[in-house]
Amino acid sequence: MQQSNYPLDNYELEDRYRRESGRVFLTGTQALVRIPLMQRTLDRAAGLNTAGFISGYRGSPLASYDTELWRAASFLEESNVRFLPAVNEELAATAILGSQQVEADPEKQVDGVFGIWYGKGPGVDRAGDGLKHGNAYGSSPHGGVLVVAGDDHGCVSSSMSHQSDVAFLSWLMPNLNPANVAEYLQFGLYGIALSRFSGMWVGFKAISETVESAMSIELPPYPDFIIPQDFEAPPDGLHIRWPDFPGPQIEERMEYKKAATLAFAAANPIDRKIYDTPDARYGIVTTGKGHLDLMEALRLLGIDKNEARRIGLDIYKVGMVWPLAHDAALDFVRGKREVLVVEEKRGLIESQFKEYFYDYPGRKPDRMVGKEDEDGETLVPWIGELSPIQLAGIVARRLDAAVTGLNLTSRANSLRDTGARIIEISGASRTPYFCSGCPHNTSTRLPEGSKALAGIGCHFMANWMNRDTDGLIQMGGEGINWVTRSMFNGDKHIFQNLGDGTFYHSGSLAIRQAFAAKTNITFKILFNDAVAMTGGQPVDGPITVEKIAHSVRAEGIERIALVSDEPESFKLSDFPQGTTLSHRRDLDAV
Ligand SMILES: Cc1ncc(C[n+]2csc(CCOP(=O)(O)OP(=O)(O)O)c2C)c(N)n1
Ligand code: SF4
């Protein structure tokens, strides 16, 4: 056997958080844990006594961030990073806002607190008001906020596909889009530095394909960000303050904060040319995962750096999607015969370019295509996800039309012909079902002739089990569509399934609404003592069957029936008066 010239690295799993240099192996989720540890190291080196604060709510692709934070608890403690798994995403956003108020607190015990909010795409929407207020009020100079959005572009484990960029833009929140796990570390520290400088909260996209992937990374040296010298802040600064009552000063400050963001990006470029081809006549602009898809498409077409330079092709990878750093971006496109913009989902970069072309008319390429081609036909679709094979076809056609003698289209077609196929063997596919012993299996059964609405959680699978159960609604909306439907269907009765995790997150409000509207509905609160669908985490506060019963009674609910496999483990005296207790086998009778 041949002896390796390289000694084996004496690597322990905890080195992923312990090492300051050298190589580490990280998942995207672990990189999100490493960011606050690295930020604290940076601050310590700068003589700052900061702390970190993380809050949010689980949901794929960020389903296991909380679990990983709990695992890394000793590292977080050493770095003075506190973690509050919140009751829901909206309340988490306001908790993060509090972290930015610490710096101005006369009783503060630290110089500032950097905050990380996290949530699945629907959680971004749900937290919209909190995040918008937070961004408008701003960050503190030695704090800073990253808003980590778990975006499921392909709708692989969500009720709907999601692209948080559009929400970020509506709140004027800058938006970073890392393409791989290594970039998480770089972009994470960048985002906090940008937030401190500009007073903005900074969006950070964590899409399924990157946050759920893993990578061996050579740790880069800690960054040294440049403070822009050409930006002048207003006399009262850009950061959070009080009083800050409603008025135009908040919008005026947003203008300055946007200018500060662009100044920071100009001084610390996060967008870059990939090949730096001199006098390139063809340009492709990419970001995030779309960039990786494009690079793979080029590989499939046999285009490497040398070939790209030979045919006059260059690529511009955008790190900050909004606001687009205009000088560098316009320098890239100027003089090109054509520029193709490749963005997965909706095209925010392309529309910013097109706005800039009106403001800077001398810096246009001859043509820019992206979501549509020059004839208004769909080119890079916004529906679904992009794939390298699909992009290979698009790039081949565009390059063949722009550069003579390439004949890439036939190569792209042959790729399509030999592309991976899904093998379908009859009987080999299986519809998901409850685990054996799952309490939902019996709890979601219905008396003959009854109907139920499904809710969010594992018990949603009742939809596929011929149980007269259907529907899907956003987390916390359970039963409220029936409030209205029943107004127009003769006040028919329905059962509504509601998991205990969802009850604690927001579902208790749905019960309040249904009661207030006097709706003919029975909520089945399915207590399995876990937020099962996201990994079996505990619910984020004290919750017991007794507490749920008392809380719904306090809302005014008269009829409370407790059904359990182990009725002997409950005492009716611990429940509101009139509660009945039955064995689960008698569910129908109840
Ligand atoms: C606003 C929002 N946040 C997070 C999620 C992710 N999510 C889907 S199901 C679920 C957990 C449901 O737990 P529970 O209600 O206890 O039902 P179980 O899975 O235990 O049956 C979560 C957090 C979501 N869909 N929407
Ligand atoms: S994970 Fe838990 S709640 Fe989900 S199906 Fe399995 S046993 Fe049931």
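Remember, it's 1-based here, ligands and their atoms both numbered in the order they're listed. No experiment lies behind these values; they were computed from the predicted model shown.
Close approach of ligand 1 to R58 (heavy-atom distance below 4.0 Å) involves ligand atoms 4 (C), 6 (C), 23 (C). Within ligand 1, the atoms closer than 4.0 Å to a non-hydrogen atom of E89 are 1 (C), 2 (C), 3 (N), 4 (C), numbered from 1 in the order shown. Set against the non-hydrogen atoms of G501, the atoms of ligand 1 under 4.0 Å away are 14 (P), 15 (O), 16 (O). Close approach of ligand 2 to H440 is summarised as follows: ligand atoms under 4.0 Å from at least one heavy atom of the residue are 3 (S). In the vicinity of N528, heavy-atom distances shorter than 4.0 Å reach the ligand 2 atoms 3 (S).
There is no side-chain donor-acceptor pair under 3.5 Å between R196 and S139.
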Apply the test salt bridge (charged side-chain N to carboxylate O under 4.0 Å, His left out) to residues D165 and K205: give CA-CA distance (whole Å), side-chain angles for both, the deciding distance (0.1 Å), then the verdict. CA-CA 8 Å; D165 316 45; K205 263 173 88 76; 2.6 Å; yes
Decide salt bridge (charged side-chain N to carboxylate O under 4.0 Å, His left out) for K345 and D151; before the verdict, give the C-alpha distance in whole Å, the side-chain angles of both, and the deciding distance to 0.1 Å. CA-CA 11 Å; K345 310 308 285 182; D151 273 1; over 6 Å; no
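Counting heavy atoms from C-beta on, the side chains of P447 and F495 come closer than 4.5 Å.
Side-chain atoms of R512 never come within 3.5 Å of backbone atoms of E555 as a donor-acceptor pair (strictly under, hydrogens ignored).
Considering backbone and side-chain atoms together, C458 places an N or O closer than 3.5 Å to an N or O of ligand 1. The shortest N/O to N/O separation between N528 and ligand 1 falls below 3.5 Å. Considering backbone and side-chain N/O of T502, one or more are found under 3.5 Å from N/O of ligand 1. Residue V531 has no N or O atom closer than 3.5 Å to an N or O atom of ligand 1.
Summarising the local packing, NE2 of H583 is surrounded by more than 12 heavy atoms from other residues, nucleotides or ligands at distances under 6.0 Å. The environment of CG in D491 is crowded: more than 12 heavy-atom neighbours from other residues, nucleotides or ligands sit within 6.0 Å. Residue-environment remark: NZ (K371) exceeds the threshold of 12 foreign heavy atoms within 6.0 Å.
Contacts between A530 and ligand 1, counted as non-hydrogen atom pairs separated by less than 4.0 Å, involve the backbone only. If you look at F503 next to ligand 1, there are no close heavy atoms at all, none under 4.0 Å. With a 4.0 Å heavy-atom cut-off, ligand 1 is reached by the side chain of K120 but not by its N, CA, C or O. Counting heavy atoms under 4.0 Å from ligand 1, residue D500 touches it through both backbone and side chain.
Looking at atom 4 (Fe) of ligand 2, its nearest protein heavy atom turns out to be C458 SG, 2.4 Å. When hydrogens are left out, the protein atom nearest atom 2 (Fe) of ligand 2 is A532 CB, 3.9 Å; that is the closest non-hydrogen contact. C435 SG, 2.3 Å is the protein heavy atom nearest to atom 6 (Fe) of ligand 2.
Comparing H440, M533, M475, M461 against atom 21 (O) of ligand 1, the shortest heavy-atom distance belongs to H440. Taking all heavy atoms of P439, C438, S443 into account, the minimum distance to atom 7 (S) of ligand 2 is reached by C438.
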